[in-house]
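No experiment lies behind these values; they were computed from the predicted model shown. Chain identifiers are assigned alphabetically (A, B, ...) following the order of the sequence lines, protein sequences preceding nucleic acid strands; residue numbering begins at 1 within each chain.
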There are 2 protein chains.
Amino acid sequence: MKGLFAKTDAEAVRAHNRRVVIDHLRRADSSTRRATAQATGLSVSSASAIATDLIRSGIFEEVEEDGRSARRGRPEKTLRVAGSAATVAAAKLAVGGLFVQLADYAGRPLATAAAERPVADLDASEIASILASLTEEAASGLSGETPKPSRMVVAVQGMTDAGHRRILWSPALKRRDLDIAGMIQALTGTEVEICNDCSLMPEAFRWRPDRGGLDLGTGDFATLFIGFGVGMGLRLGGQTFGGPLSSAVEFGHLNHRPDGALCRCGNRGCVEAYAGDYAIQRRALGGPVDAVPARRVTDAEMRVLAGAARERDGPERDAFAQAGLAIGYGLGRLFTLIDPLPIVFTGSGAHAMDLLEPAIRRGITQSAVAGQGAAVPFGHVADVDALVFEAGTAHALASLDESFAREGPADERQVA
Amino acid sequence: MKGLFAKTDAEAVRAHNRRVVIDHLRRADSSTRRATAQATGLSVSSASAIATDLIRSGIFEEVEEDGRSARRGRPEKTLRVAGSAATVAAAKLAVGGLFVQLADYAGRPLATAAAERPVADLDASEIASILASLTEEAASGLSGETPKPSRMVVAVQGMTDAGHRRILWSPALKRRDLDIAGMIQALTGTEVEICNDCSLMPEAFRWRPDRGGLDLGTGDFATLFIGFGVGMGLRLGGQTFGGPLSSAVEFGHLNHRPDGALCRCGNRGCVEAYAGDYAIQRRALGGPVDAVPARRVTDAEMRVLAGAARERDGPERDAFAQAGLAIGYGLGRLFTLIDPLPIVFTGSGAHAMDLLEPAIRRGITQSAVAGQGAAVPFGHVADVDALVFEAGTAHALASLDESFAREGPADERQVA
DNA sequence: GCCTTTTTTCCGAGACTTGGAAAAAGTCTC
DNA sequence: GAGACTTTTTCCAAGTCTCGGAAAAAAGGC
């Protein structure tokens with residue numbers, strides 16, 4: 001993987017240093033040639049040469065600063081990532097429909113389009129054509145100079161293949177093993193990647209680690225979605241973790257209690273069977289732990305349950321406490337295998353953190369070695385949908401950055 | 001971490017390509033300039049230049065092949081890693097004593113020394129001086145041309161700090177937070193690294209992935225030690241996984257059953273509290289699950305229990321089945337978070353795989369998503385001690401390789 | 001209007017890799 | 001046994017990076 005087995009030559013050096021420069025500008029938002037040199041460790045000459053070349057390629061742009069610095073010396077030229085360099089699409093396939101959001105190369109949202117409709121019966125080609133036409137619909141309102149999207153990232157619930165091209169299985173769909181990426185690529189020519197929505201979420205923090213009430217820096221952390229299901233995204237060693245097979249940290253189906261409550265997945269005792277919306281409702285209403293409701297619990301219903309739990313000590317409060325404990329044990333187990341990490345919560349569960357947090361921390365204490373990680377920082381992002389689109393956009397942009405980094409010098413490339 | 005934030009220059013290119021060449025020779029055992037070029041992707045010129053330079057530095061050597069190839073053309077010169085380039089020490093601190101094994105730069109064992117004695121009351125300086133004198137003792141029998149050990153890796157049970165310099169806590173010692181590495185370094189000048197023994201084990205497969213009845217290739221895998229405790233080593237993405245804090249995958253203390261059997265660590269329900277030697281004995285003898293024996297269970301006692309379990313259906317067989325189930329659930333949980341991996345078993349438990357394996361696979365089936373990983377390949381290494389020394393040696397050699405890779409050209413370096 | 005300051009550009013030097021030519025060191029054939 | 005043939009290794013000129021320092025550029029300060 002890394003490159004211990006691949007040689008390095010001038011081309012690799014070039015690509016790497018371009019990558020470093022692009023990455024710096026993504027983080028810094030705006031910079032100058034000199035500041036780039038300082039931040040990357042490159043000499044001023046090299047940083048300047050790379051920046052100038054990226055400008056010639058249209059990847060960076062020099063912008064006029066309004067508030068002129070009244071400082072002495074030759075005024076610096078402000079560099080920015082050029083929004084016009086490309087367009088990317090972040091798509092989402094969920095139970096409620098299909099959604100597309102376009103963004104420019106600087107990451108600014110450009111347009112959205114939605115098809116709110118049942119999706120369970122769709123096949124691969126139908127999904128592909130809906131996503132393709134949503135993309136076209138969103139693009140139709142844009143200025144003629146906006147390029148066509150050159151990358152698309154589709155966030156889905158469920159499992160994808162190692163190559164991020166197929167949906168192996170999704171709770172939103174009846175069919176299995178759908179080659180969505182291939183279909184969309186054939187229709188639009190865009191490069192497409194299919195990702196698990198929860199695994200994707202850490203990408204939203206790639207260049208903006210100071211969110212959700214935490215500054216994650218460049219360190220490891222996890223995102224934890226709590227809602228109809230429970231899903232985790234993991235960032236380890238600067239990389240978003242993706243197992244070769246499932247490409248998902250299936251935290252929701254991490255076993256909590258052997259022979260425990262029945263989960264949607266068919267197994268017994270999963271975290272989700274205690275902490276998913278349906279599990280909380282099931283317990284609050286005193287239903288049997290063997291019943292998995294077909295119907296989806298609405299956010300409104302969950303708000304009612306949370307309200308009741310906040311008001312009085314009763315089955316609702318107990319249900320949230322059990323949910324928190326299951327999550328806490330799950331985190332404790334994760335911390336035992338990996339190491340304690342900051343956690344960013346999102347999803348409907350993130351709106352009930354006041355009910356969940358004490359039980360979560362208690363669960364960690366009881367399950368982690370020496371209770372390590374019980375005091376780990378918790379962050380919180382309210383709007384899951386926005387987070388997923390941001391994550392998809394960031395992921396698509398990173399993929400573009402990589403291909404731009406590998407490009408040859410600007411004067412060698414022919415204009416289209 | 002990776003190096004996305006570090007620039008690349010000629011020096012980095014040089015170091016990287018030297019690294020790649022050295023790594024190739026470690027894996028291939030013997031090679032030629034041409035074969036090196038082919039294996040690494042470097043041009044013949046570069047591979048040859050690097051190899052020649054490494055020979056001049058004494059890191060590689062050209063050896064006379066006995067069985068001359070009766071092939072046409074200029075005969076190839078066989079390259080080998082030069083054993084004489086350096087000496088490394090692999091040490092072990094265990095309940096029963098302190099042990100040191102020296103090996104040459106080619107990884108061939110040279111000598112050993114042992115101090116079988118109680119260690120519980122030792123402090124950092126005592127441990128350091130014993131290890132230093134054991135090293136000297138082992139080295140004393142060697143030819144005068146053998147260099148002094150330039151790297152030492154100490155494998156210990158328990159937790160080490162992130163910098164691999166201190167023992168934060170070990171079941172073998174009463175004292176805590178001991179700066180062993182610093183002490184030894186002060187005494188001998190050798191660079192020292194302190195590692196958790198279980199975390200270290202995957203290193204033994206670094207250049208020899210075809211062991212324990214499996215060919216692990218360059219893929220991910222885990223080693224699982226089952227004995228007085230239960231410990232895991234994880235190789236992910238070509239790197240031995242080490243959490244920044246504990247530097248150990250604390251598989252033995254992964255919670256199996258909330259409020260379950262009492263573990264040595266004080267928590268309830270750890271895998272070890274079902275699968276450790278003492279837990280198996282406890283259950284086989286019908287003892288209470290709240291009793292943690294102070295005395296260590298001997299291998300002979302375990303063999304008796306295993307014999308009884310093989311002979312008849314009774315509490316012994318049940319104890320092994322429960323142990324297997326706990327391990328299986330643990331693996332299922334690991335596979336849910338990460339992905340299914342091949343497992344190499346070692347330790348006394350590895351001698352009872354016939355008793356454990358069915359329950360382990362059952363546990364995986366019941367706890368992993370869709371039972372994924374229940375058919376994962378199991379390997380098996382009988383001699384744990386040898387494995388740990390090999391792992392320590394490999395780790396020390398890898399560290400030397402890295403520093404050799406970073407060295408300048410041979411003609412620039414002065415001779416000592 | 002000239003000096004100072006700071007950023008950017010320019011240029012020669014240095015360190016790699018590379019491809020191809022030349023050399024080396026054998027076997028094979030007649 | 002000499003020359004042809006093969007294959008590996010070495011040598012060399014060219015190419016492409018980065019780097020450091022000098023020069024240029026573009027302001028403010030006095």
Below 4.0 Å: OP1/OP2 of D/dT10 and any side-chain N or O of B/Thr52: yes
Touch class at under 4.0 angstrom, heavy-atom based, for A/Leu79 against every strand present: nothing
Gap between atoms CD and C1', on A/Glu76 and C/dT9 respectively (whole Å): 16 Å
Any B/Arg72 side-chain N or O less than 4.0 Å from OP1/OP2 of C/dG26: no
Polar side-chain contact B/Ser43-C/dG19 base: donor and acceptor under 3.5 Å: no
Any B/Ser48 side-chain nitrogen or oxygen under 4.0 Å from OP1 or OP2 of D/dT10: yes
Any strand: nucleotide that pairs with D/dA2 via Watson-Crick or wobble, under 3.5 Å: C/dT29
Whole angstrom value for the distance that separates P of C/dC16 from NE2 of A/His16: 18 Å
B/Ile50 CD1 to C/dT17 C1', straight-line distance once rounded to whole Å: 9 Å
N or O in side chain of B/Arg34 less than 4.0 angstrom from D/dT9 OP1/OP2: no
Comparing A/Arg74 and A/Val13 on DNA chain D - which has the more 5′ nearest nucleotide: A/Val13
Residue pair B/Ser31 / B/Leu25: nearest heavy atoms and the distance that separates them: CB-CD1, 3.2 Å
Spacing of B/Glu11 atom CD relative to D/dT16 atom P, expressed in whole Å: 23 Å
Minimum heavy-atom distance A/Arg33-A/Ala51, with the two atoms named: CG-CB, 4.1 Å
Chi angles and distances behind the side chain to side chain contact (heavy atoms under 4.5 Å, CB included) call for B/Phe205, B/Arg235: CA-CA 10 Å; B/Phe205 300 85; B/Arg235 193 144 181 107; 6.0 Å; no
Closest to the A/Thr32 side chain, choosing from C/dT27, C/dT8, C/dT18: C/dT8
Options D/dT7, C/dC16, D/dT9, nucleotide nearest the side-chain atoms of B/Arg14: C/dC16
A/Arg33 CZ to D/dA26 P, straight-line distance once rounded to whole Å: 12 Å
Nearest heavy atoms of A/Asp53 and A/Pro409, plus distance in Å: OD2-CA, 3.7 Å
Distance below 4.0 Å between A/Asn17 side-chain N/O and D/dC17 OP1 or OP2: no
Distance, rounded to the nearest Å, where A/Glu62 contributes CD and D/dA26 contributes C1': 14 Å
Distance, rounded to the nearest Å, where A/Arg406 contributes CZ and D/dT16 contributes P: 20 Å
Toward the 5' end of DNA chain C, by each residue's nearest nucleotide, A/Lys77 or A/Ala10: A/Lys77
Proximal nucleotide (of D/dA27, C/dT18, D/dT18) relative to the A/Ser46 side chain: D/dT18
Charged tip of B/Arg26 within 45° of B/Tyr105 ring normal and under 6.0 Å: yes
Earlier contact from the 5' end, DNA chain C, for A/Ala35 and B/Gly73: A/Ala35
Nearest-angstrom distance from the residue atom CG of B/Leu54 to C1' of D/dT9: 16 Å
More than 12 heavy atoms from other groups under 6.0 Å of CD on A/Glu11: no
Candidates C/dG26, D/dT10, C/dC16 - which lies nearest the side chain of B/Pro75: C/dG26
